[in-house]
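Read the structure below first, then the notes.
FYI, the numbering just counts along the sequence from 1.
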Amino acid sequence: MAFELGDGDNQGMNEMNLIPLIDIMLVLMIIFLVTATVLNPSVPLDLPKTSASINDAPPEVVQISIDAQSQIYWDKEAISLDELNKRFGDQILAGKNPQINLRADKEGKYDMVAQVLATASGVGLNKIAFVSE
């Protein structure tokens, strides 16, 4: 006559406890990471060699404005279309290719804007920007 404890279920434990195994694996991984960085502190790289060069100065900016009465202004100085052509030519002869910022009044005539554009392209200036506010 043997004593039985429990409900008489004689099945064994079906699941294995994995927590200690996971703890051991984490400790081993940390040890591996620490020793790997101590043994090889740097990775040899063959980096490209470069040299810095001095950038060219930004191009000169010329402000050309046309008001509602079709008057042309070089920066803030009022000039005629012939004087504008002469100044554009002087810029090209001096070896400069300035950027032209063109401002036109909304009440002004498009014909004057077209003449200024034709004058600039006629002498060889090709950096023209329209400025609006």
Side-chain angles (χ1 to χ4, degrees):
M1 295 222 154
F3 293 100
E4 285 189 32
L5 297 175
D7 59 355
D9 190 11
N10 291 333
Q11 293 180 355
M13 180 187 251
N14 291 339
E15 298 177 8
M16 183 175 161
N17 189 3
L18 295 178
I19 293 176
L21 181 63
I22 292 171
D23 290 343
I24 292 172
M25 294 300 288
L26 288 174
V27 169
L28 289 174
M29 184 179 70
I30 291 171
I31 291 172
F32 173 73
L33 290 175
V34 169
T35 57
T37 56
V38 170
L39 294 176
N40 191 7
S42 66
V43 176
L45 295 176
D46 187 19
L47 298 175
K49 304 290 187 238
T50 61
S51 62
S53 62
I54 298 174
N55 293 335
D56 295 333
E60 179 184 346
V61 177
V62 176
Q63 302 285 337
I64 303 295
S65 303
I66 303 171
D67 64 4
Q69 291 77 30
S70 298
Q71 178 63 46
I72 303 171
Y73 294 90
W74 180 283
D75 290 331
K76 293 185 179 181
E77 177 185 352
I79 59 172
S80 66
L81 192 59
D82 293 332
E83 177 68 22
L84 180 69
N85 190 14
K86 180 182 176 297
R87 288 192 184 189
F88 282 161
D90 291 344
Q91 293 288 322
I92 293 295
L93 289 177
K96 300 177 184 177
N97 189 6
Q99 177 178 341
I100 307 298
N101 287 350
L102 182 60
R103 298 171 182 248
D105 191 280
K106 67 179 180 178
E107 302 297 327
K109 295 181 180 176
Y110 178 73
D111 180 51
M112 185 54 69
V113 175
Q115 289 179 15
V116 169
L117 290 175
T119 302
S121 65
V123 297
L125 295 175
N126 54 10
K127 297 179 184 174
I128 301 173
F130 289 97
V131 179
S132 64
E133 295 178 322

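Under the 3.5 Å distance criterion, the side-chain polar atoms of Gln71 are matched with a main-chain donor or acceptor of Ile79.
Ile66 and Tyr73 fall into different hydrophobic clusters, where Ile, Leu, Val, Met, Phe, Trp and Tyr are joined by side-chain heavy atoms under 4.5 Å apart, directly or via other members. Residue Phe88 is not grouped with residue Val61 when hydrophobic side chains (ILVMFWY) are merged at heavy-atom distances under 4.5 angstrom, including chains of intermediate members. Linking ILVMFWY side-chain heavy atoms closer than 4.5 Å, directly or via other members, places Ile64 and Tyr110 in a single hydrophobic cluster. Under a hydrophobic clustering in which Ile, Leu, Val, Met, Phe, Trp and Tyr are joined whenever their side-chain heavy atoms come within less than 4.5 Å, directly or via other members, Leu125 and Leu81 fall into the same cluster.
At least one side-chain heavy atom of Leu26 sits less than 4.5 Å from a side-chain heavy atom of Met29. By the 4.5 Å heavy-atom criterion applied to side chains, Leu102 and Val131 are not counted as neighbours. Side-chain contact between Glu77 and Glu83: absent, with no pair of heavy atoms (C-beta onward) separated by less than 4.5 Å. When side chains are defined from C-beta on, Ile128 does not count as touching Val116, because their heavy atoms never get closer than 4.5 Å.
Looking at Ile100, Asn101, Asn97 one by one, the single match for side-chain contact (heavy atoms from CB on, under 4.5 Å) with Lys127 turns out to be Asn97.
For the pair Val62 and Pro98, the tightest heavy-atom approach, listed with the atom from each and the gap, is CG2-CB, 3.9 Å. Closest of all the heavy-atom pairs between Ala104 and Val113 is CB-CG2, 3.7 Å.
Salt bridge status for Lys86 with Asp82: absent, with no side-chain N to carboxylate O gap under 4.0 Å.
One finds the CG atom of Leu84 at 10.5 Å from the CD atom of Gln115 (value rounded to the nearest 0.5 Å). Interatomic distance, Leu33 CG to Leu28 CG, rounded to the nearest 0.5 Å: 11.0 Å. To the nearest 0.5 Å, atom CH2 of residue Trp74 and atom CD of residue Gln63 are 11.0 Å apart. Rounded to the nearest 0.5 angstrom, Asp67 CG and Met112 CE are separated by 9.5 Å.
Heavy-atom neighbours of Leu18 CG from other residues, nucleotides or ligands within 6.0 Å: above the threshold of 12.
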